[in-house]
Each structure stands twice: as structure tokens, then as C-alpha cells.
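First up is the structure itself, then whatever we jot down about it.
Scope of the values below: all heavy atoms of this structure, side chains included, with no hydrogens, waters or symmetry mates.
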Amino acid sequence: MECKQEQNLKDCPCTWSDCPRKGLCCDCIKYHWGRGELPACLFSKEAEKTYDRSIENFIREQNSHK
Ligand code: SF4
């Protein structure tokens with residue numbers, strides 16, 4: 001299977017433009033999960049901009065929508 005980086009880049013909502021993992025979803029999730037974090041695409045536009053990718057921030061955001 002070929003890498004879908006180019007296709008993934010079209011959908012990637014991450015605003016951290018210098019990241020070398022952009023569009024490489026496998027590396028992206030491995031990197032963030034290893035730090036107790038989640039990738040940008042799981043956050044809302046507003047939360048993504050804070051660059052707080054912590055699981056706590058994800059849960060906080062989910063609970064704020066209830
Ligand atoms: S979510 Fe993190 S690893 Fe993924 S593209 Fe953005 S800054 Fe890079």
C-alpha cells in the first residue's frame with residue numbers, strides 16, 4: 001500500500017505548519033500518543049489552535065459540548 005501523505009495533507013486540520021509529521025498520520029498518532037496526547041484532527045478548530053493536544057484537553061472539550 002502506498003503512503004497517502006499527499007491525500008492526507010488535504011484533510012489535515014493541524015495549523016502547526018513546520019511539523020515534519022504532517023500528512024503522515026501513522027507517525028503523527030505515534031508521536032502524540034507517546035506523549036499522552038492526541039492528534040490535531042481530534043480537536044475542534046478552536047482547541048486545535050491552542051496546541052494543547054493533551055488527553056485532558058480532549059476530554060474537557062468533549063464535556064463542554066454536553
Ligand atoms: S498533530 Fe502534531 S504530529 Fe500531527 S501534524 Fe500536527 S503537530 Fe504534527
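- Applying the salt bridge (Lys or Arg N to Asp or Glu O under 4.0 Å) test to residues at least two apart or on different chains, the pairs with a partner in residues 30-41 are Arg35-Glu37.
- Taken to the nearest 0.5 Å, the CD atom of Gln7 stands 9.5 Å off from the SG atom of Cys25.
- The backbone N or O of Cys14 lies less than 3.5 Å from a partner atom in the side chain of Lys22, making a donor-acceptor pair.
- Partners of Cys41 under the side-chain contact (heavy atoms from CB on, under 4.5 Å) rule, at least two apart in sequence or in another chain, are Pro13, Pro39.
- Connectivity analysis of hydrophobic side chains (ILVMFWY, heavy atoms under 4.5 Å, direct or indirect) links Phe58 to Trp33, Leu38, Leu42, Phe43, Ile55, Ile59.
- Here Trp16 sits in one hydrophobic cluster together with Tyr51; the rule is ILVMFWY side chains under 4.5 Å apart, joined directly or through other members.
- For residues 6-20, there are no salt bridge (Lys or Arg N to Asp or Glu O under 4.0 Å) pairs, not counting sequence neighbours.
- Under the side chain to side chain donor-acceptor pair (under 3.5 Å) criterion, Gln62 pairs with no residue, sequence neighbours left out.
- For Asn57, the side chain to side chain donor-acceptor pair (under 3.5 Å) partners are Arg60, not counting sequence neighbours.
- Clustering of Ile, Leu, Val, Met, Phe, Trp and Tyr by side-chain heavy atoms under 4.5 Å joins Met1 with none of the others.
- One finds the SG atom of Cys12 at 10.0 Å from the CD atom of Gln5 (value rounded to the nearest 0.5 Å).
- With sequence neighbours excluded, the residues satisfying side chain to side chain donor-acceptor pair (under 3.5 Å) with Asp52 are Ser54.
- Residues that satisfy the side chain to side chain donor-acceptor pair (under 3.5 Å) test with Arg21, not counting sequence neighbours, are absent from this structure.
- Here the closest heavy-atom approach between residue Asn8 and residue Gly23 is recorded as ND2-O, 3.1 Å.
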